[in-house]
Amino acid sequence: MNRRDAMNRVAMMIGAAISSPTLMAMEKMGNVKSNFSGNFVLTAAQRSIVAEVAEHIIPKTSTPGAKDVGVPAFIELMLKDCYYPLEHTSFLAGVNKLADLNFLSKGSADQVGILKKMEADTIEEMKARNVKQVKVGDNVDQEAMEKAAKGVPFWRLMKELTLLGYFTSEDGVTKSFVYEPIPGKFMATKLKPGQKAFAYL
């Protein structure tokens, strides 16, 4: 299965819309003749912030966290190889905002509070740009982004890429679900309390 198919399945699984820049990035994965400059680079401090935010989105519990499966490096690679400068700018603006708030020096509860505020601000920003949450494959949000000459906000990119990186990693799939590489017939299954969902990939 290619990563675009995986992306569509992740979107269906989490019940969320995926921004068009992320979908276009999926189309560019593996394109040897990429036109991207590859100038996007994070500093060590910025990488630490990205890693901490990713871990808050998918923390380590009985299953691996975002850091465990290499999500922070995946995010940086995707942005570098598959996204345009508008998203580079918006992503770095979000990281730098967290740096200005001394995000890494805060306690866990304060960090969560900062991220919740950032999420609320992002929702309002998207509304102000008149960007609709659309289904996978639509391009309404991309057209609005281009019209506003602004990239997708940091928080939305961060959540999308964290989920994508996690649920397309081997450990993310095999340890978060009951992995059935060769399943039997497809049929409705009633899960017991606490039982993991099945993943047929």
Side-chain angles (χ1 to χ4, degrees), residues 3-4 6-7 10 14 16 18-60 64-108 110-123 125-126 141-142 145-146 148-172:
R3 278 191 174 257
R4 181 175 174 82
M7 184 66 171
V10 168
I14 64 175
I18 302 298
S19 68
S20 288
T22 296
L23 286 170
M24 288 191 299
M26 299 309 301
E27 292 287 357
K28 294 177 182 74
M29 282 292 286
N31 180 5
V32 178
K33 298 180 180 179
S34 174
N35 293 321
F36 291 87
S37 62
N39 291 330
F40 181 84
V41 178
L42 296 176
T43 65
Q46 290 170 332
R47 287 188 184 110
S48 296
I49 291 173
V50 169
E52 199 62 28
V53 174
E55 191 69 14
H56 275 296
I57 295 171
I58 304 182
K60 182 176 183 177
K67 291 180 184 178
D68 295 324
V69 302
V71 165
F74 171 85
I75 290 172
E76 184 173 357
L77 179 66
M78 283 290 289
L79 284 163
K80 177 182 177 183
D81 290 349
C82 303
Y83 283 78
Y84 288 105
L86 280 178
E87 272 66 47
H88 295 172
T89 300
S90 61
F91 190 87
L92 288 174
V95 174
N96 291 335
K97 181 177 180 180
L98 292 176
D100 291 342
L101 293 171
N102 297 313
F103 182 77
L104 293 177
S105 66
K106 307 286 186 185
S108 181
D110 289 335
Q111 288 180 344
V112 170
I114 290 171
L115 296 179
K116 285 184 176 181
K117 174 68 165 57
M118 182 171 275
E119 180 167 47
D121 290 345
T122 299
I123 291 171
E125 181 180 351
M126 298 296 274
D141 54 349
Q142 176 61 18
M145 293 289 101
E146 291 174 354
K150 292 182 179 179
V152 174
F154 163 79
W155 181 246
R156 187 169 176 186
L157 283 173
M158 189 71 209
K159 288 183 74 174
E160 287 180 359
L161 288 175
T162 298
L163 292 169
L164 175 61
Y166 188 86
F167 288 109
T168 56
S169 70
E170 182 177 354
D171 281 348

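Start at 1 with the first residue, then count along the sequence.
Of all non-hydrogen atoms in Arg156 and Met126, the two that sit nearest each other are NH1-CE, 2.8 Å. The nearest pair of heavy atoms linking Val69 to Gly172 is CG1-N, 4.0 Å. Taking each heavy atom of Ala66 and Pro72 in turn, the nearest pair found is O-CD, 3.7 Å. Among all heavy-atom pairs drawn from Pro64 and Ile58, the shortest one is O-CG2, 4.4 Å.
A heavy-atom distance below 4.5 Å is found between the side chains of Phe91 and Phe40. Contact of the Trp155 side chain with the Leu115 side chain is registered, since non-hydrogen atoms from C-beta on lie closer than 4.5 Å. At least one side-chain heavy atom of Ser108 sits under 4.5 Å from a side-chain heavy atom of His56.
To the nearest 0.5 Å, the span separating CZ on Phe74 from OG1 on Thr168 amounts to 4.5 Å. Taken from NZ in Lys159 to CD in Glu119, the straight-line distance is 4.0 Å, to the nearest 0.5 Å.
Remark: Tyr166 pairs with no residue by the ring pair (Phe, Tyr, Trp, His ring centres under 6.0 Å) rule, at least two apart or across chains. Qualifying side chain to side chain donor-acceptor pair (under 3.5 Å) partners for Asp171, counting only residues two or more places apart in sequence or in other chains: none. For Lys117, the salt bridge (Lys or Arg N to Asp or Glu O under 4.0 Å) partners at least two apart in sequence or on another chain are Asp121.
Side chain of Glu87 to main chain of Val152: a donor-acceptor pair is present (N/O by atom type, distance under 3.5 Å, no hydrogens or angles).
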Result block: side-chain N/O donor-acceptor pairs under 3.5 angstrom for residues 93-106, not counting sequence neighbours:
unit_1	atom_1	unit_2	atom_2	d
Asn96	OD1	Gln46	NE2	3.1
Asn96	ND2	Leu92	O	3.1
Ser105	OG	Asn102	O	2.7

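Judged as a salt bridge (Lys or Arg N to Asp or Glu O under 4.0 Å), the pairs with a partner in residues 39-54 (not counting sequence neighbours) are, in order, Arg47-Glu76, Glu52-Lys67.
Exactly one of Leu42, Val71, Thr162 qualifies for a side chain to side chain contact (heavy atoms under 4.5 Å, CB included) with Val50. That residue is Leu42.
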What do the steps show when you test Leu161 against Leu79 for side-chain contact (heavy atoms from CB on, under 4.5 Å), and what is the final call? CA-CA 9 Å; Leu161 288 175; Leu79 284 163; 4.0 Å; yes
